[in-house]
J.: 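Before I ask anything, here is the structure I am working with.
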Amino acid sequence: MKVTRDQVKSHAAAVSLEIPEEDLDNVTIRVGALLAAMDAIEAELGAEMDRVEPVPPVFPGRET
């Protein structure tokens with residue numbers, strides 16, 4: 001999946017994550033590769049994935 005530097009910066013900013021400018025190209029490539037892999041998994045297992053409840057979030061260090 002093709003993502004742009006601006007998209008990565010925008011998504012990072014949404015969660016208060018600052019990516020140094022010198023790392024932005026590398027992060028953009030890696031995010032694109034990760035999203036492409038997720039698309040492939042969804043294409044292969046999509047229907048099966050829809051029948052499974054998602055794993056609830058776990059927050060290390062937080063008491064439940």
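For this chain, numbers begin at 1 and follow the sequence in order.
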J.: For Pro20, give me all partners under side chain to side chain contact (heavy atoms under 4.5 Å, CB included), at least two apart in sequence or on another chain.
T.: Glu22, Asp23
J.: Kindly write out the residues that satisfy salt bridge (Lys or Arg N to Asp or Glu O under 4.0 Å) with Asp25, not counting sequence neighbours, or none if the list is empty.
T.: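 Once residues adjacent in sequence are excluded, the partners of Asp25 under the salt bridge (Lys or Arg N to Asp or Glu O under 4.0 Å) criterion are Arg5.
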J.: For Thr4, what residues pass the side chain to side chain contact (heavy atoms under 4.5 Å, CB included) criterion, not counting sequence neighbours?
T.: Asp6, Gln7
J.: Using atom types as modelled, flag every donor-acceptor pair under 3.5 Å from a side chain in residues 27-46 to any protein atom, sequence neighbours excluded.
T.:
{"unit_1": "Thr28", "atom_1": "OG1", "unit_2": "Leu24", "atom_2": "O", "d": "2.7"}
{"unit_1": "Arg30", "atom_1": "NE", "unit_2": "Asn26", "atom_2": "OD1", "d": "2.8"}

J.: Sort and list the pairs that fulfil side-chain hydrogen bond (donor to acceptor under 3.5 Å, both in side chains) and have at least one residue in residues 45-55, not counting sequence neighbours.
T.: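 Listed by first then second residue: nothing to list.
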